[in-house]
Structures are given as structure tokens and as C-alpha cells.
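A short write-up of the structure that comes next.
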Amino acid sequence: MTNNRITDHPVLGKLENQTPVKFTFDGTTYTGFEGDTIASALLANGIRQLRVHEETGAPRAIYCNIGHCFECRVTVDDTDGVRACMTTIRENMKVDSGKLQAVPFKSKPEEWPRTYAEFEKSSKKDGVPHV
Amino acid sequence: MDKLIICRCEEVSLEDIENTANKYSCSARELKLRTRAGMGYCGGRTCRPAVDAVLEEVTGEKPGNDIPLKVQPPVRPVSLSVLGGKKR
Ligand code: FES
């Protein structure tokens with residue numbers, strides 16, 4: 001857990017006597033230190049990707065890290081749009097990454113299913129949310 | 001360089017913005033409506049200066065604060081539950 005941390009800082013001194021805090025990210029349990037933000041705790045655990053772009057699925061992570069850009073938004077205890085860079089971790093906090101969303105208005109009429117059987121078939125594609 | 005993303009919320013690249021600005025020689029507002037740059041989750045607070053800068057280069061439009069990419073409340077993303085008085 002301390003792999004990605006500066007444990008001996010020339011100005012701030014040694015990082016010691018930290019209280020470990022457990023939380024989950026997408027169902028996996030990780031340990032951070034008390035006072036960590038979600039973003040810093042995940043970074044220390046080697047996780048940089050916090051969500052994917054809702055429409056394109058491109059990976060997203062912290063961008064400004066000062067609460068300005070909302071690029072780091074995650075779902076915390078089922079509340080979405082929470083900034084990972086501004087929210088400190090709590091014991092047993094449940095954090096979930098942002099997922100790909102359905103884009104029903106992007107499709108062309110020619111692509112619409114003509115029968116229910118066709119609709120069922122197209123909605124079973126793995127990982128592609130479809131309406 | 002052109003694949004550089006300017007608006008991260010709506011994933012609009014520098015190329016998209018430059019092409020649109022060149023093709024339509026449009027105002028900042030029109031550019032925004034055509035490409036969706038600055039219309040995403042963060043409310044355009046992150047990419048507005050960049051969009052303004054590209055536009056100034058292409059069409060010479062000086063960034064103002066009147067009609068073009070103006071700032072209006074709420075000045076940052078707020079959930080309806082917070083607006084409705086429910087703390088989170
Ligand atoms: S990284 Fe910009 S708001 Fe968190």
C-alpha cells in the first residue's frame with residue numbers, strides 16, 4: 001500500500017503512524033490512510049482510472065485534483081457525481097466507478113429493431129448498454 | 001496535437017473545434033452549440049478559456065462575457081437534492 005507514497009519527505013518529514021482506513025472500489029476492498037481522498041488512496045493502490053466517459057468509454061481519472069473539473073466523479077454510497085479528489089475516505093465507504101451509459105438518441109432509424117426478437121438480440125450484446 | 005481533447009466532459013478535440021470554427025466561421029456560442037464543447041458536466045468552466053482562445057485565433061472574436069460563453073448560475077454543478085435542501 002505504501003508503494004506509491006512518499007514515505008520520507010525532505011520538508012514534511014516521515015510518513016508514519018498513519019491510521020489505515022478500509023473502503024471498497026467496484027467491490028474490491030482497498031486500504032488507504034486516514035485523511036486520504038478517494039483519489040489519493042486509489043492512486044496509492046495503483047489505480048488511476050476512476051471512470052469511463054459515459055458515451056465513448058474512454059478512460060478518465062483525476063485531471064485538476066482541486067475539485068474544479070469534475071473529471072474524477074465517482075459514485076459514493078450510491079450517490080453519484082461525487083468528486084474523488086475532494087472526498088476523504090471513510091471506513092467501509094462504498095465507491096463505484098463511472099460506467100458507460102446508453103446512447104439511445106445516437107442510433108439511426110435504420111438501426112432500430114423491427115421486431116421484439118431483434119430487440120432482444122441486440123440488447124444482449126456484452127457490455128454495450130442499449131435501449 | 002490535433003487529437004488533443006479540449007472539452008473533456010463532451011470529448012471534443014482541438015481538431016473538431018478548429019474544423020468547425022474554420023468551416024462556419026462562427027461565434028463562440030454557435031461553436032458551442034455545434035460541437036457541444038463547454039456544454040458538459042462541469043458547465044464549461046474547464047475548457048471555456050481554451051475554446052475562446054481557439055476562436056480568437058481562427059475568427060478573431062475576442063472573448064467577452066456578454067452573449068458568448070457567458071457564465072451563469074449555478075456556477076458549479078449542484079445536485080437537485082442539494083438545491084432542494086437535502087444535505088448530502
Ligand atoms: S480532478 Fe478535477 S474535480 Fe477532481
Side-chain angles (χ1 to χ4, degrees), chain A residues 23 37-39 42-43 48-108 127-129, chain B residues 1-20 28 30-55 63 65 68-88:
Chain A
F23 66 101
T37 61
I38 297 169
L42 285 173
L43 208 51
R48 302 175 64 194
Q49 182 179 329
L50 298 173
R51 61 182 193 98
V52 294
H53 188 267
E54 293 86 344
E55 190 181 322
T56 66
R60 287 291 192 273
I62 52 169
Y63 182 55
C64 71
N65 201 29
I66 53 167
H68 178 74
C69 70
F70 279 76
E71 274 294 290
C72 61
R73 57 187 183 265
V74 288
T75 303
V76 172
D77 296 331
D78 299 319
T79 304
D80 62 2
V82 179
R83 288 165 294 178
C85 70
M86 297 295 285
T87 312
T88 46
I89 51 170
R90 269 178 287 104
E91 192 67 34
N92 296 326
M93 191 182 230
K94 177 169 158 288
V95 184
D96 291 295
S97 63
K99 308 284 188 314
L100 201 62
Q101 301 290 308
V103 281
F105 301 117
K106 280 274 171 171
S107 60
K108 300 192 192 76
V128 184
Chain B
M1 180 68 180
D2 284 353
K3 288 273 175 270
L4 187 80
I5 301 179
I6 297 291
C7 171
R8 301 184 67 81
C9 301
E10 292 289 331
E11 211 164 280
V12 186
S13 66
L14 177 59
E15 194 176 25
D16 295 335
I17 294 180
E18 280 179 344
N19 288 348
T20 310
E30 187 181 335
L31 183 86
K32 167 175 144 178
L33 296 176
R34 284 189 185 278
T35 62
R36 288 199 60 80
M39 293 182 77
Y41 200 104
C42 80
R45 295 174 312 141
T46 314
C47 67
R48 184 183 294 115
V51 173
D52 274 338
V54 175
L55 216 69
N65 209 23
L69 310 177
K70 67 175 176 184
V71 183
Q72 55 190 15
V75 294
R76 67 183 173 88
V78 163
S79 74
L80 286 173
S81 63
V82 171
L83 276 184
K86 195 183 131 207
K87 286 231 176 63
R88 78 153 191 234

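Just the heavy atoms: all of them, side chains too, but no hydrogens, waters or symmetry mates, feed the values below.
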Exercise. In chain order, what residues pass the salt bridge (charged side-chain N to carboxylate O under 4.0 Å, His left out) check against A:R90, with sequence neighbours excluded?
Worked result: A:D77
For this session: Please say whether more than 12 non-hydrogen atoms of neighbouring residues, nucleotides or ligands are located less than 6.0 Å from CG in B:L80.
Result: no
Seminar exercise, completed: With sequence neighbours left out, the residues meeting side-chain contact (heavy atoms from CB on, under 4.5 Å) with A:S97 are A:F25, A:D26, A:K99
For this session: Determine which residues belonging to residues 48-61 of chain A lie within contact range of chain B, meaning some heavy atom pair is under 4.5 Å apart, and list them by number or answer 'none'.
Result: A:H53, A:T56, A:A58, A:R60
Problem set entry | chain A contact residues among residues 11-18 of chain B, heavy-atom distance under 4.5 Å | B:E11
Exercise. Taking all non-hydrogen atoms of both residues, which atom of B:C42 and which atom of A:C69 are closest, and how far apart?
Worked result: CB-O, 3.4 Å
Problem set entry | Closest approach of B:Y41 to A:G81 (non-hydrogen atoms, all atoms of both residues) | OH-CA, 3.2 Å
